[in-house]
Amino acid sequence: MQCAGADLSALAGEFGTPLYVYSADAIAARARMLQGELAAVEHTICYAVKANSSLAIMKMLAGMGCGFDIVSGGELERVRRAAPEALGRVVFSGVGKQVWEMDAALEAGILLFNVESEAELEVLAERAVALGKTAKIALRVNPDVFAETHPYISTGLREHKFGIAIEKARAVYQRAMGLPGVEPAGVSVHIGSQIRSVEPFAESVKRVGKLVEELRSDGMDIRYIDAGGGLGIEYGAVEFDPAASVHAYAEAVMAASRSVGAHLLLEPGRFLVAQAGALLTRVLYVKQNGSKTFVITDAGMNDLIRPALYQAHHEIWPVVASSREAKVVDLVGPVCESGDFFAKDRELPELRAGELVVLLDAGAYGMSLSSHYNTRVRAAEVLVESGVGRLVRRRETLEDLMAAEIY
Ligand SMILES: *Cc1c(COP(=O)(O)O)cnc(C)c1O
């Protein structure tokens with residue numbers, strides 16, 4: 001089995017397992033697909049760094065003209081290192097921005113602060129004045145639109161912690177207009193992640209478009225509509241046509257910026273990287289407990305937490321095909337938690353110790369959500385370019401892991 005022309009068995013031999021493998025071509029193809037669909041409007045794709053914060057991937061996307069959606073000072077530092085030329089294409093989201101993070105973003109001259117509360121607005125205005133800067137802002141409005149997805153990644157309802165209720169937004173913008181140091185320049189919205197239908201996107205940008213008109217009539221120069229991220233993919237074995245999906249999505253989100261004439265910002269994460277990445281792992285043991293068969297791999301929930309956290313499904317393939325009969329098994333990791341599983345009661349070709357398996361569609365929220373739980377080093381990462389796998393993050397050492405501790 002190959003990833004973009006690179007042999008997975010060879011990569012595992014060279015770099016060890018667990019190993020994240022990404023296809024540069026697949027990421028670039030997705031970015032181009034989205035850029036192509038948006039060609040009719042002025043736009044900037046601000047890649048959501050938290051989906052996969054690999055510096056090598058960020059550098060590549062910046063080279064294609066992308067900006068970034070960041071949610072922390074740490075992610076800002078990633079942009080500075082991977083693509084300093086893209087700092088002017090950064091939007092800063094998040095409900096809990098700290099003063100040092102605002103200061104760093106103000107000094108960097110980012111494009112837009114997506115402000116999530118009045119209290120944050122006041123602190124930002126104060127910091128901008130103190131530093132002699134003007135912060136271009138959008139309020140992240142909460143459009144009260146329901147998007148069918150996992151409850152942990154749905155964000156667009158009044159009951160969620162994100163944004164400012166859209167009915168309240170106009171008044172908060174008016175306050176912002178009176179504050180020194182901040183300049184209302186856009187309206188932003190992000191209703192959640194892994195959303196597979198376009199209606200919620202269409203409905204929320206429609207509400208945003210209406211607000212933009214009101215704000216302009218109040219005298220504000222609103223140039224940007226930030227429609228957020230959230231476009232989903234198909235994780236199952238079901239046929240998925242990304243081109244059709246992105247076409248329908250683009251039509252929906254472009255509608256508002258077309259009608260009011262605003263620069264469209266999008267913050268896709270998952271759609272660009274999820275299907276471009278896989279997690280390669282080796283089977284350590286196979287054991288039988290009563291009627292259940294457990295296949296134990298060297299990757300665990302600390303490497304890929306999506307199944308445990310979101311009941312997420314990942315397709316699993318043996319790297320070398322065999323003609324052995326299929327068996328119903330649980331594919332689990334070595335971590336001391338019953339939640340440490342990749343698949344339960346899944347029919348897979350019989351696997352034996354030492355064999356390699358690959359978990360597909362692991363390019364988003366895989367490595368970026370990984371941890372050191374059980375004092376396990378994080379996986380290495382390989383980016384495949386022109387058929388050749390290049391190490392873009394070495395495997396951590398135990399030394400790395402304990403370096404910050406004092407005892
Ligand atoms: C997580 C997030 C995104 C990216 O979401 P995807 O589902 O990966 O596209 C975009 N914007 C904001 C504000 C986010 O929190």
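Whatever order the structure lists them in is the order used to number ligands and atoms, beginning at 1.
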Tell me whether [X] has any N or O atom under 3.5 angstrom from an N or O of ligand 1.
X	value
Ala48	no
Ser93	no
Gly230	yes
Arg140	no

>> One pair to check against side-chain contact (heavy atoms from CB on, under 4.5 Å): Asn52 and Tyr47. What are the steps and the verdict?
In response: CA-CA 9 Å; Asn52 184 323; Tyr47 168 64; 3.3 Å; yes

> Can you say whether the rings of Phe92 and Phe113 are parallel (under 30°), tilted (30 to 60°) or perpendicular (over 60°)?
Replying inline: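 Tilted.
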
Numbering as shown, the atoms of ligand 1 that approach [X] to under 4.0 Å (heavy-atom distance):
X	result
Arg270	6 (P), 8 (O), 9 (O)
Tyr365	1 (C), 4 (C), 5 (O), 6 (P), 8 (O)
Pro268	9 (O)

>> Just to check, does Phe162 reach to within less than 4.0 Å of ligand 1 when the distance is taken from its heavy atoms?
In response: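 The answer is no: ligand 1 sits nowhere under 4.0 Å from a heavy atom of Phe162.
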
>> I'd like to check Leu231 versus Val246 (side-chain heavy atoms, cut-off strictly below 4.5 Å). Are they in contact?
In response: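 Leu231 reaches Val246 side chain to side chain.
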
> Can you find a pair of side-chain heavy atoms, one from Leu266 and one from His43, that are under 4.5 Å apart?
Replying inline: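 A side-chain contact is absent here, since even the closest heavy-atom pair is not under 4.5 Å.
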
> Does the side chain to side chain donor-acceptor pair (under 3.5 Å) test come out yes or no for Gln311 and His313, once each step is laid out?
Replying inline: CA-CA 7 Å; Gln311 289 87 47; His313 175 96; over 6 Å; no

> With backbone taken as N, CA, C and O and side chain as the heavy atoms from C-beta onward, which portion of Glu267 lies under 4.0 Å from ligand 1: side chain, backbone, both, or neither?
Replying inline: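 Within the 4.0 Å criterion, Glu267 contacts ligand 1 through backbone and side-chain atoms alike.
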
>> What protein heavy atom lies closest to atom 15 (O) of ligand 1? Include the residue and the distance to one decimal.
In response: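 The closest one turns out to be Lys50 NZ, 2.7 Å.
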
> Tell me: protein heavy atom nearest atom 7 (O) of ligand 1, and distance?
Replying inline: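 For atom 7 (O) of ligand 1, the nearest protein heavy atom comes out as Ser193 OG, 2.3 Å.
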
> Are Arg378 and Glu396 close enough for a salt bridge, meaning some N to O gap below 4.0 Å?
Replying inline: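 Between Glu396 and Arg378 there is a salt bridge, with a charged N closer than 4.0 Å to a carboxylate O.
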
> Any donor and acceptor pair, going by atom type alone, linking the side chain of Asn114 with main-chain N or O of Val91 inside 3.5 Å?
Replying inline: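 Looks like no, no N/O pair under 3.5 Å.
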
> How many angstroms lie between atom CG of Leu179 and atom CE of Met177, to the nearest 0.5 angstrom?
Replying inline: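 If we round to the nearest 0.5 Å, Leu179:CG and Met177:CE are 11.0 Å apart.
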
